[in-house]
Colleague: 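Following this message is one structure expressed as structure tokens.
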2 protein chains.
Amino acid sequence: MPSFDVLQAACPSRSVLRHLTDRWTPMVVAVLSDGPARFGQIRGRVEGVTAKVLTETLRSMERDGLVTRTAQATMPPRVDYELTPLGRTLVTPLAAVRSWAEQHAEQVLEARARYDDTVD
Amino acid sequence: MPSFDVLQAACPSRSVLRHLTDRWTPMVVAVLSDGPARFGQIRGRVEGVTAKVLTETLRSMERDGLVTRTAQATMPPRVDYELTPLGRTLVTPLAAVRSWAEQHAEQVLEARARYDDTVD
DNA sequence: CTCCTTAGTTACGTTGAGGTACTTGGTTTC
DNA sequence: GAAACCAAGTACCTCAACGTAACTAAGGAG
């Protein structure tokens, strides 16, 4: 086994890590961890994401094998997204980071306020 | 307690999450999880980061209360960085994501190869 | 007297992620 | 018969992140 290491510049795991930390990826994973969802449902739950960027994010996740995309050629179109088994193994790690952000947001905000006070 | 939710556009936890997922933050946390380190040591272990961006990353982490910065006014200067108690609570969640990237890099690369084959 | 050290700062240039606005398509509601 | 519906595709634009190169500090080595 090649032993990947994100600390090494040329290691492919670094590009993987970078995708995981894309702006909307953790939120999309959070939404899909509740089960499959349609494009519009995801868009509804992830506040502030535009259709274009959500499409790009989902395509990128599909390419990386994290989600499956099932399109029905009906009109209007209906497209379902679902986490793959690989994508499901991501739920716990990303949820941990998300939950850290939510649980420690208060402390971080306080630290910022303190820091900004000590700066001219 | 105000109950933070990253899925809500205006929630402060979202800016916190965004900082955690800055390009170099997870790697810096990984390095500092081994103990305090000097600027040059961090720079040496995080391959590819430039001095300017590492400075910015560390300053931002200091502002958020994740690291302490201890400068000696000697010449040449010596500056030590260390995770705060708050920063140390970040080690486990971020290590989980880092380790996911390393352990599943192979599968992601395979998925990309397969996907790219099915595209003209 | 010039070089090298460390941990920056500053000015500037580049890049790419993300955002806005417009277009597509066939069926239902006004 | 026009307009909304849903999930996009595309062209264009913006801005913040990131990068490069040059400069700074005080003292010791060559």
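So that the names make sense, note that chain A is the first sequence line, chain B the second, and so on, each numbered from 1.
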Colleague: For dG8(C) and R59(B) - does any side-chain N or O of the residue sit under 4.0 Å from the phosphate oxygens OP1/OP2?
Modeller: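 Answer is yes, contact under 4.0 Å.
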Colleague: Could you check which of dA7(C), dA8(D), dC6(D) has an atom nearest any side-chain atom of R38(A)?
Modeller: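 Nearest nucleotide to the side chain: dC6(D).
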Colleague: Measure the distance from CG on L58(B) to P on dA7(C) and round it to the nearest whole Å.
Modeller: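 Going from CG in L58(B) over to P in dA7(C) covers 11 Å.
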Colleague: F39(B) has an atom CZ; how far is it from atom C1' of dA7(C), in whole Å?
Modeller: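 That distance rounds to 6 Å.
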Colleague: Would W100(B) and L94(A) satisfy side-chain contact (heavy atoms from CB on, under 4.5 Å), going step by step from the backbone distance to the final call?
Modeller: CA-CA 10 Å; W100(B) 191 98; L94(A) 284 189; over 6 Å; no
Colleague: When you compare the side chain of V79(B) with that of T70(B), does any pair of heavy atoms fall below 4.5 Å?
Modeller: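 No, every pair of side-chain atoms sits at 4.5 Å or beyond.
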Colleague: Can you tell me the distance, in whole Å, between the CD1 atom of I42(B) and the P atom of dA7(C)?
Modeller: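 My rounded result for the distance is 9 Å.
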Colleague: Round to the nearest Å and state the distance from R43(B) atom CZ to dT6(C) atom P.
Modeller: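 Taking CZ of R43(B) and P of dT6(C), I get 11 Å after rounding.
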Colleague: Please determine if a side-chain N or O atom of R69(A) lies less than 4.0 Å away from the OP1 or OP2 oxygen of dA8(D).
Modeller: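 Answer yes for this pair, as a side-chain N or O of R69(A) is under 4.0 Å from OP1 or OP2.
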Colleague: Please encode protein proximity along nucleotides 13-30 of chain D as a string of B, S and -, counting only heavy-atom distances under 4.0 Å.
Modeller: -----BBB----BB----
Colleague: Run the salt-bridge test on D80(A) and R78(A) with the 4.0 Å N-O cut-off and return the result as yes or no.
Modeller: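 Here D80(A) pairs with R78(A) in a salt bridge, since their nearest N and O are under 4.0 Å apart.
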Colleague: Who are the salt bridge (charged side-chain N to carboxylate O under 4.0 Å, His left out) partners of R112(B), not counting sequence neighbours?
Modeller: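 R112(B) satisfies salt bridge (charged side-chain N to carboxylate O under 4.0 Å, His left out) with D64(A) only.
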Colleague: Go through the structure and list residues passing salt bridge (charged side-chain N to carboxylate O under 4.0 Å, His left out) with R45(B), not counting sequence neighbours.
Modeller: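 Listed in chain order: D34(B).
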Colleague: Atom CG of L54(A) to atom C1' of dA17(C): distance rounded to whole Å?
Modeller: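 Answer to the nearest Å: 15 Å.
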Colleague: Can you tell me if R69(A) and Y81(A) form a side-chain donor-acceptor pair at under 3.5 Å?
Modeller: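 Checked: R69(A)/Y81(A) side chains pair up, N/O donor to acceptor below 3.5 Å.
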